[in-house]
There are 2 protein chains.
Amino acid sequence: MKMSDRKKRILQIVVDEYINSAVPVSSKAITEKHLTDVSSATVRNELASLEELGYLTQFHTSGGRVPSPQAYRFYIEELMQRGNLSSADLDYISEAFSNKTGDVEHLIRSVANVISDLTDYTSVAVGPNAEEERIRSMTLLPCGDGRALLVIITGSRILRDNFIEIPETMSDADVGNASSMLCKLFCGKALSEAREVETAALGEFGQYRQVMAEVIEALKSYARPREEDIVLAGAEKIFNHPEYEDIGNVKNFLSVISSKDKIAEIVGDEDDEIQINVKIGSSEDKDMPDDCSVVTATYSAGGKNLGTYGVIGPIRMDYSKVIAVLENVGKVLEELVNGKNKEKKEKDHE
Amino acid sequence: MKMSDRKKRILQIVVDEYINSAVPVSSKAITEKHLTDVSSATVRNELASLEELGYLTQFHTSGGRVPSPQAYRFYIEELMQRGNLSSADLDYISEAFSNKTGDVEHLIRSVANVISDLTDYTSVAVGPNAEEERIRSMTLLPCGDGRALLVIITGSRILRDNFIEIPETMSDADVGNASSMLCKLFCGKALSEAREVETAALGEFGQYRQVMAEVIEALKSYARPREEDIVLAGAEKIFNHPEYEDIGNVKNFLSVISSKDKIAEIVGDEDDEIQINVKIGSSEDKDMPDDCSVVTATYSAGGKNLGTYGVIGPIRMDYSKVIAVLENVGKVLEELVNGKNKEKKEKDHE
DNA sequence: TGTTAGCACTCATTGCCTTCAAGTGCTAAC
DNA sequence: GTTAGCACTTGAAGGCAATGAGTGCTAACA
């Protein structure tokens with residue numbers, strides 16, 4: 001069966017209405033508020049047909065219709081009005097990032113907060129993959145107790161730190177030497193390249209050998225996102241949505257968002273090509289609760305990955321608003337990063 | 001009215017029963033399970049009297065009695081059986097900390113997890129105040145873009161979240177010099193002392209003056225506990241307790257625990273003299289929900305403050321178990337830290 | 001004077017019934 | 001293809017009686 005234009009229009013009305021009201025939509029409501037030129041009986045026929053096509057479901061015969069996950073997908077792709085943000089919202093975004101300095105950890109947190117505030121959903125964020133970041137500096141700082149702290153700084157000020165065991169025989173000066181040796185070896189390389197240095201080849205490093213092996217071990221731990229790079233904002237926002245008056249749903253939701261692993265799983269496996277990604281219900285990700293959707297966007301600017309950001313909330317989500325927020329935050333972020341680069345380049349030219 | 005021994009015994013039974021069952025306790029239940037030598041009528045008289053004294057309340061005439069906050073306080077101080085942990089629990093604790101390396105941030109998280117797992121409540125932890133920690137090393141690492149990262153290593157932690165603006169005119173070597181100058185100036189001092197160095201007195205530092213001023217500014221940010229030092233574990237555990245089948249309670253609870261500020265407030269204002277601290281209901285802390293209790297302990301070992309740890313949960317909390325867990329975790333932690341010190345001293349002697 | 005049996009009373013819970021309203025599906029007419 | 005009309009379904013809400021747990025009070029007892 002082909003989808004007539006009227007069917008599409010009706011489906012759009014149902015989804016819009018349901019997103020707004022959280023109440024199953026009846027034929028009467030449709031003809032009264034939107035399609036005033038046909039009768040409710042006509043709409044009823046169309047609704048029955050849309051139900052057959054799998055776009056709508058009914059809880060019980062006398063209860064109006066509710067969109068299925070399939071309907072939401074279709075809605076997002078074809079039917080949704082792509083809204084723009086109010087200028088107040090836009091101002092809020094630019095202001096929030098206006099004087100952001102510091103490293104990515106802080107940036108991630110601010111972005112998550114802004115997204116949660118504007119959308120009224122719980123937001124999730126996973127920092128950029130450090131894999132391809134080039135190492136700017138690598139330092140070993142002795143800190144007593146036979147240990148040294150390995151600090152790695154990369155281009156976007158991602159820093160990683162690990163403790164390295166230092167042999168008793170190494171003096172602080174030795175550690176300093178090892179440190180500059182490390183820097184010579186690894187600076188300018190990407191983390192992923194650095195990691196691949198063969199441990200065996202390090203035999204020649206004499207007394208530093210053990211230290212070097214540990215450094216490589218540490219580098220391996222950077223393959224996965226760190227706990228600190230997975231953040232959550234506005235968890236309490238779910239209570240603003242009626243589906244979470246049910247304790248069971250809250251339970252499911254909380255069990256997911258209180259595990260960083262699960263968040264990483266849900267947000268993580270992005271296809272970098274697609275800017276906005278929508279997952280609806282549990283069918284698309286085993287870690288997701290049945291009644292949840294996740295909308296994420298992966299940001300980048302100046303060729304640099306800035307991380308993946310998004311919201312998690314009920315399937316009945318205001319996709320239009322959420323997508324608008326994600327897009328605009330992305331834009332501002334990009335301008336910010338590029339603007340800074342530009343500024344810097346201009347300075348360099350003087 | 002004086003509390004007879006029998007009254008105390010009955011009150012103890014009521015609180016124990018209620019903590020176990022979450023069901024209001026009736027006179028019949030008491031005489032059947034515990035006080036078999038008196039009749040329920042006698043117990044009824046006592047219950048009425050305990051109610052008059054403010055220890056018990058009734059929701060309705062035919063509903064059994066429930067302890068009041070006052071009863072819990074009395075129970076904790078005088079009535080509670082101070083239980084010991086099972087050997088399985090004790091093993092679990094020792095194992096959890098057996099190979100903990102790394103800085104305080106990691107320690108805080110493990111401790112919070114252990115406490116939450118053993119008590120089945122949500123646990124909260126606020127790391128030790130960095131104020132009195134002695135600075136072991138202080139380093140400025142250049143990271144391009146006119147910035148350097150200030151890394152401070154103290155006895156038990158690494159502080160590395162302040163970027164310092166570096167004047168264009170400073171080369172990396174200059175930054176290195178500034179770095180060693182900082183170290184000379186501040187190493188061995190406590191953070192709180194270091195912070196008090198007069199900015200004005202730094203005029204003599206020439207081109208480093210601005211940098212020095214910024215470093216002092218940065219030091220000031222460590223006066224309050226940092227967000228990273230306030231952690232939460234097992235948020236989803238509240239659903240294991242029947243009071244949180246009510247969505248309103250969950251809402252209150254979540255609104256508190258999703259704000260680090262509020263957690264710090266509730267956990268924070270400890271009297272260091274008292275090892276275990278119990279707050280029951282909202283009367284003791286305006287930030288706390290009416291129906292919540294918080295039990296915390298401030299740990300220290302070898303003269304060093306290790307932070308404040310505890311659980312937050314319903315007023316009807318298994319105080320005996322919670323306190324036992326907190327005490328034992330404290331002991332193991334102390335042994336761990338002292339053990340290490342001892343080990344180290346022995347090594348130093350060789 | 002403290003304890004207890006007995007009994008009337010209170011009140012939440014449960015199940016059952018009715019009524020009500022919302023919404024549908026179907027049919028026949030347009 | 002559209003629509004009016006109507007029977008049918010179903011959840012929500014309200015009333016009502018039965019149930020049962022638990023209490024408070026009184027009078028008798030040791």
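Every value quoted in this text rests on a predicted model; they were computed, and no experiment measured them. Lettering of chains follows the sequences in order, A, B, ..., and the numbering in each one begins at 1. FYI, side chains are in, hydrogens and waters are out, and symmetry mates aren't considered; it's all heavy atoms of this structure.
- Across the protein-nucleic acid pair, A:Leu35 atom CG and D:dG1 atom P stand 18 Å apart, rounded to whole Å.
- Residue A:Pro24 is the one, among A:Pro24 and A:Ala41, whose nearest nucleotide of DNA chain C lies closer to the 5' end (criterion: closest heavy atom).
- Not one side-chain nitrogen or oxygen of A:Arg44 sits closer than 4.0 Å to the OP1 or OP2 atom of C:dA22.
- The residues A:Arg65 and A:Glu51 are annotated as salt-bridged, a charged nitrogen and a carboxylate oxygen being separated by less than 4.0 angstrom.
- The distance between atom CG of A:Leu56 and atom C1' of C:dT24, rounded to the nearest whole Å, is 14 Å.
- Partner of A:Val114 under the side-chain contact (heavy atoms from CB on, under 4.5 Å) criterion, chosen from A:Leu118, A:Asp117, A:Val111: A:Leu118.
- Between A:Asp285 and A:Lys279, at least one side-chain nitrogen of the basic residue sits less than 4.0 Å from a carboxylate oxygen of the acidic one, meeting the salt-bridge criterion.
- OP1 or OP2 of C:dT4 has at least one side-chain nitrogen or oxygen of B:Thr42 nearer than 4.0 Å.
- Between B:Thr61 and C:dC9 there is no side-chain polar atom (N or O) within less than 4.0 angstrom of OP1 or OP2.
- In this structure, A:Lys28 places its NZ atom 17 Å from P of D:dT3, rounding to the nearest Å.
- When the P atom of D:dA21 is taken as reference, atom NE2 of B:His60 falls 13 Å away, rounded to whole Å.
- As a whole-Å value, the separation of B:Glu52 CD from D:dT23 C1' is 15 Å.
- At whole-Å resolution of the value, CZ in B:Phe59 and P in C:dC11 are 15 Å apart.
- Using the Watson-Crick or G-U wobble rule with both distances under 3.5 Å, C:dA28 pairs with D:dT3.
- For the pair A:Ser62 and D:dT10, the criterion of a side-chain N or O lying under 4.0 Å from OP1 or OP2 is not met.
- Ranked by how close their nearest DNA chain C nucleotide is to the 5' end, A:Val25 and B:Ser40 are led by B:Ser40.
- A salt bridge between B:Asp89 and B:Lys321 is present, with a side-chain N of the basic residue lying under 4.0 Å from a carboxylate O of the acidic one.
- Distance, A:Glu46 CD to C:dC26 P: 15 Å, rounded to whole Å.
- Spacing between atom CG of B:Leu47 and atom P of D:dT23 amounts to 7 Å, rounded to whole angstrom units.
- The side chain of A:Val38 lies closest to D:dT3 when the candidates are D:dT3, C:dA12, D:dG11.
- Rounding to the nearest 0.5 Å places OH of B:Tyr244 at 8.0 Å from OG1 of B:Thr122.
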